There are 2 protein chains.
Amino acid sequence: MAPNVRYSASKENHLKAIFHLQQEHGIVTTNALAAALQTRPASVTDMLKKLKDQKLLIYERYKGFKLNNEGRKAALQVIRKHRLWEYFLVKKLQFGWDEVHEIAEELEHIASKKLIDRLDAFLGFPEADPHGDPIPDSQGRLQTRRQINLAQLPLGKVAQVSGIASQTSEMLELLQYNHIRLGTRLEIKKKFPFDESLEVKVRNRPPVTLSARVAKNVLVNDDEPITERR
Amino acid sequence: MAPNVRYSASKENHLKAIFHLQQEHGIVTTNALAAALQTRPASVTDMLKKLKDQKLLIYERYKGFKLNNEGRKAALQVIRKHRLWEYFLVKKLQFGWDEVHEIAEELEHIASKKLIDRLDAFLGFPEADPHGDPIPDSQGRLQTRRQINLAQLPLGKVAQVSGIASQTSEMLELLQYNHIRLGTRLEIKKKFPFDESLEVKVRNRPPVTLSARVAKNVLVNDDEPITERR
DNA sequence: ATTAAATTTTAGACAAATCTAAAAATAAAA
DNA sequence: TTTTATTTTTAGATTTGTCTAAAATTTAAT
Ligand SMILES: [Mn+2]
Ligand SMILES: [Mn+2]
Ligand SMILES: [Mn+2]
Ligand SMILES: [Mn+2]
């Protein structure tokens, strides 16, 4: 069995952020990564060299970069840990889904593979974290699912929230305030072309208005509603 | 509310080790601490200066050192975290009591106080970790020890020998023969009502049978051991 | 009381991760 | 195609934690 390969917390944070960024754009830039990690471009460059030396990254200077297979595998393990811990915090320790991210940001760096596999079993092998993001399995396989954002949802069609793209605590707080969470069924009542804002209706609630910015970050699946586990 | 005061993992490890060492001897020496932490005396001296500057330590060079009130408080929080995580690993994730230490050594450095208090509640406010060591409460209070004899010890509970009531040489020889001495951790595997004899297990040894007569003379403290292990 | 041994501290070095300021390369505008 | 702006990298520092080797101090032995 492969022993626990260890990367520093900082390296793991970089790998994870690169993974996420390259999901959106295929290639990642120094500035984008620096912004994502709240650090400086120069620091990113420093780290890129190290990751390249460790053969986790495809990188040529001035040309952008992306993870290679090793790097992707490592990133997925970190993501797995992060999401399992988030699930644990919400489902077992009664944290709100908007307050678990910071803590998981630390817990994700605990190395033991055995620990995380046991935790997975203890939690009943959940498929998604409290924000609706899928949890990679023990081999790092990630389930993909089709999701569209709220802005793309046609008027009058009921859909169920299946994920939140930008998980800043500010964003989560706003949704919380409007009673929108994972599994919430909602419907677009009106679209305002002026600023692309939406009036959204949640069952048993007065309608609320969401900005285009927010709408783009709320992911829904209109065909197969996710089974909300509790 | 006091925000989470953060100390580096290395500082926490030092504080904890100093706490344990000064339980045994009142004052701690550089070499002893270096040995406990598997590091070098020079490194210890470096850290002592920092801990002193942060007012966690009473220290004058060449004179030994010990924690002050702040330092003791910090150490107890780390010990609390360590032991609660160990309990979690054994009771919830089915780890063996002999394989949790390393992992807890990492988990103990996760900062969030809220996390640890929630974990505590989730676990049902356990009083002792899987090795029989008492778990400090949220305010850092450690339970005071109480001594009972082996015959009174509940089945399956790990305890540490803290005294021998009748110290005849015959008695001591018998205990010696069975590898039981001060500080030995043991657990009762079975009680035979017929003659009130006990089957006792010491780590890394085959089980041994003790008569009721012997058991009554072996004193253990199931909460606060003399020589605290992590 | 000297001398020898052990302990502890200092001096100086190194690795990891970060930063600022300046230089180099690339991209965009004129 | 020059010029200008933006992005990225380098050069050089800084902080934290660690180390080795040597010096200082304390303790133990003769
Ligand atoms: Mn993290
Ligand atoms: Mn999440
Ligand atoms: Mn530790
Ligand atoms: Mn323990």
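To find a chain, count down the sequence lines: A is the first, B the second, and so on, and within it residues start at 1. Note that the structure is a prediction, hence the values are computed from the model and not measured.
Across the protein-nucleic acid pair, A:R40 atom CZ and D:dG12 atom P stand 21 Å apart, rounded to whole Å. Going from atom CD of B:Q38 over to atom C1' of D:dC19 covers 16 Å, rounded to whole Å. Per the geometry, NZ belonging to A:K52 stands 14 Å off C1' belonging to D:dT9, to the nearest Å. The distance from atom CG of B:L33 to atom P of C:dT8 is 10 Å, rounded to the nearest whole Å. To the nearest angstrom, P of D:dT26 lies 7 Å from OH of B:Y62. In this entry the distance linking CG of B:L51 with P of C:dT9 reads 13 Å, nearest Å. The CE-P distance, from B:M47 to D:dT16, rounds to 10 Å in whole Å. Put simply, NZ on B:K49 is 14 Å from P on D:dT18, counting in whole angstrom units.
Salt bridge A:K81/A:E12: present, at least one basic N to carboxylate O contact under 4.0 Å. Using a 4.0 Å cut-off between charged side-chain N and carboxylate O, A:K16 and A:E108 make a salt bridge. Under 4.0 Å is where a charged nitrogen must lie from a carboxylate oxygen, and between A:R83 and A:E105 no such pair does. A salt bridge links B:D117 to B:K113: one of the charged nitrogens lies within less than 4.0 Å of a carboxylate oxygen.
When the nucleotides D:dT10, D:dT8, C:dA17 are ranked by their closest atom to the side chain of A:T30, D:dT8 comes out on top. When each of D:dT9, C:dT10, C:dA17 is scored by its nearest atom to the side-chain atoms of A:R61, the top-ranked nucleotide is D:dT9. Here C:dT18 is the nucleotide among C:dT18, C:dT9, D:dC19 with the atom lying nearest to any side-chain atom of A:T39. The side chain of B:D46 approaches C:dT10 more closely than any other nucleotide in the set C:dT10, C:dT18, C:dT9.
For the pair B:K50 and D:dT16, the criterion of a side-chain N or O lying under 4.0 Å from OP1 or OP2 is not met. Close to C:dT9, at under 4.0 Å from its OP1 or OP2, lies a side-chain N or O of B:Y59. OP1 or OP2 of C:dA17 has not a single side-chain nitrogen or oxygen of A:S43 nearer than 4.0 Å. Considering only side-chain N and O atoms, A:N31 lies under 4.0 angstrom from the phosphate OP1 or OP2 of D:dT8. A sub-4.0 Å separation between OP1 or OP2 of D:dT16 and a side-chain N or O of B:K11 is absent.
At a threshold of 4.0 angstrom between heavy atoms, the contacts of A:T45 include nucleobase atoms, whether or not backbone atoms are also involved. A:K63 comes within contact range of no nucleotide atom at all, as no heavy-atom separation falls under 4.0 Å.
With the nearest nucleotide of DNA chain C identified for both A:S10 and B:A32, B:A32 has the one nearer the 5' end.
A donor-acceptor contact closer than 3.5 angstrom links the side chains of A:D195 and A:S197.
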